[in-house]
Structure formats: structure tokens, C-alpha cells
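Bear in mind that the values here come from a model prediction, so they are computed numbers and not experimental data.
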Amino acid sequence: MSVIAAQVNRPEVVQEVTAIFERYERALMDNDVAALNAFFWHSPHVTRYGIADQQAGHDALVAYRASVPAPNFTRSLHGVRIHTFGPDTAVAMCEFVRSDTPLRGYQTQTWVRFPEGWRIVSAHVSMIPAPEPPALAET
């Protein structure tokens with residue numbers, strides 16, 4: 001096994017990022033604006049692409065969060081995948097279903113460990129029509 005491969009998905013790092021990812025989700029559904037702002041890298045280089053919005057830089061994120069009302073829906077996550085690359089970089093991906101729409105959601109976050117802790121440096125959220133189930137074969 002190569003040195004690089006040995007650094008992918010180290011269990012202790014996956015566990016750490018999974019816990020913070022779950023805290024992020026709780027903050028999102030609780031509309032804990034201060035916590036949500038703190039999860040993102042405090043930098044003009046952080047980027048978030050939302051369902052119908054985009055922010056470049058932490059100041060834009062803070063302004064966006066201040067304008068977003070508390071969610072009036074529930075949300076369930078599916079297919080959560082967290083992959084880590086060394087001790088300080090991770091990608092979290094999931095699908096989600098919201099109670100207020102038939103659309104299927106997708107979320108990707110890139111996390112980096114800084115001296116102050118794990119922060120999202122890039123995020124993307126989208127929603128599309130749910131895929132059609134495969135047709136049943138006639139017998």
C-alpha cells in the first residue's frame with residue numbers, strides 16, 4: 001500500500017469529520033446562524049453555491065445567513081459519504097429529501113483542518129427532480 005493510500009479514510013479522521021458534519025446539520029435545521037457562520041473558513045476565498053444563491057467570501061456568507069429565515073421544513077439525509085485525505089482534508093457528500101418539495105437535494109462540502117479547527121472551504125447544494133424508478137419488465 002502506498003503512503004498516500006494509507007492516508008485515505010483514516011478511521012479516527014473520518015469519525016472526527018462525521019461528528020462535525022452532524023453538528024453542522026443540526027445547526028442548519030435549528031437555524032443557528034452563529035454556528036453556521038463559524039463552520040465556514042473565515043476568508044475571502046471561501047465559496048458556497050446554494051440552490052438559488054452563491055456567496056464568495058465569508059462576509060457574503062454572513063450577510064446571506066442573516067437574510068435566510070428559519071427552515072419551515074424537515075430534511076432527511078441519505079447516502080452520507082465522508083472521505084478524508086490525510087489528517088487535515090475531507091469531503092462530505094450526501095443526498096437529502098425535504099418535506100416541502102418533491103425535488104431531491106445534493107450537498108458537497110470540502111473541509112480543511114485549520115489551527116482553529118475544521119472549517120468548510122467550499123460547499124455546493126443543488127436540487128433536481130427525483131430520478132424515475134426503473135421500469136418493470138413485462139412478463
According to a 4.5 Å side-chain heavy-atom criterion applied to Ile, Leu, Val, Met, Phe, Trp and Tyr, with indirect links allowed, do [X] and [Y] form part of one hydrophobic cluster?
X: Leu28; Y: Val62; result: no
X: Val68; Y: Ile120; result: no
X: Tyr24; Y: Leu77; result: yes
X: Met29; Y: Val97; result: no
X: Met127; Y: Val80; result: yes

For [X], check side-chain contact (heavy atoms from CB on, under 4.5 Å) against everything at least two apart and list the hits.
X: Thr74; value: Ser99
X: Val112; value: Phe114, Val121
X: Val14; value: Asn9, Thr18, Thr84

Legend entry - Side-chain donor/acceptor of Arg81 to backbone N/O of Gly79, under 3.5 Å: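 Yes; at least one donor-acceptor contact below 3.5 Å.
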Legend entry - Where at least one partner belongs to residues 120-130, residue pairs that pass side-chain hydrogen bond (donor to acceptor under 3.5 Å, both in side chains), sequence neighbours excluded: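 Output for this query is empty, none listed.
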Legend entry - side-chain hydrogen bond (donor to acceptor under 3.5 Å, both in side chains) partners of Gln109, counting only residues at least two apart: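 Per chain and number, Gln109 pairs via side-chain hydrogen bond (donor to acceptor under 3.5 Å, both in side chains) with Trp111.
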Legend entry - Those residues that, when tested against Asn72, pass side-chain hydrogen bond (donor to acceptor under 3.5 Å, both in side chains) (two or more places apart):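 Per chain and number, Asn72 pairs via side-chain hydrogen bond (donor to acceptor under 3.5 Å, both in side chains) with no residue.
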Test: salt bridge (Lys or Arg N to Asp or Glu O under 4.0 Å). Region: [range]. Which pairs qualify, not counting sequence neighbours?
range: residues 60-78; result: Glu25-Arg75
range: residues 103-115; result: Glu16-Arg113, Asp88-Arg113, Glu95-Arg104
range: residues 32-52; result: Arg48-Asp53

Inset, instruction - Measure the spacing between OG1 of Thr110 and CE of Met93 and express it to the nearest 0.5 Å. - result: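 Rounded to the nearest 0.5 Å, the OG1-CE separation comes to 9.0 Å.
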Legend entry - Gap separating the OH atom of Tyr49 from the OG1 atom of Thr108, nearest 0.5 angstrom: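 So the gap between those two atoms works out to 13.0 Å.
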Inset, instruction - If you link ILVMFWY side chains whenever their heavy atoms are less than 4.5 Å apart, which other residues fall into the same cluster as Tyr106? By chain and number, please. - result: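 So far as hydrophobic clustering goes, Tyr106 is joined with Ile128.
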Inset, instruction - Output every pair passing ring-ring contact (aromatic ring centres under 6.0 Å, His included) with a member in residues 69-89, not counting sequence neighbours, ordered by first then second residue. - result: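 As it turns out, there is no ring-ring contact (aromatic ring centres under 6.0 Å, His included) pair with a partner in residues 69-89 once direct neighbours are skipped.
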Inset, instruction - State, to 0.1 Å, how close Pro71 and Asn31 come at their nearest heavy-atom pair, and which atoms those are. - result: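 Result for this residue pair: CD-CB, 3.9 Å.
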Inset, instruction - Using the side-chain contact (heavy atoms from CB on, under 4.5 Å) rule, take Arg23 and Trp118 through it: C-alpha gap first, then chi angles, then the decisive distance, then the call. - result: CA-CA 12 Å; Arg23 288 196 304 273; Trp118 286 97; over 6 Å; no
I'd like a table of donor-acceptor pairs (distance under 3.5 Å, sequence neighbours excluded) in which one partner is a side-chain atom from residues 34-44, with atom names and distances.
residue	atom	partner	partner atom	Å
Asn37	ND2	Val33	O	3.4
His42	ND1	His58	ND1	3.4
Ser43	OG	His45	N	2.9

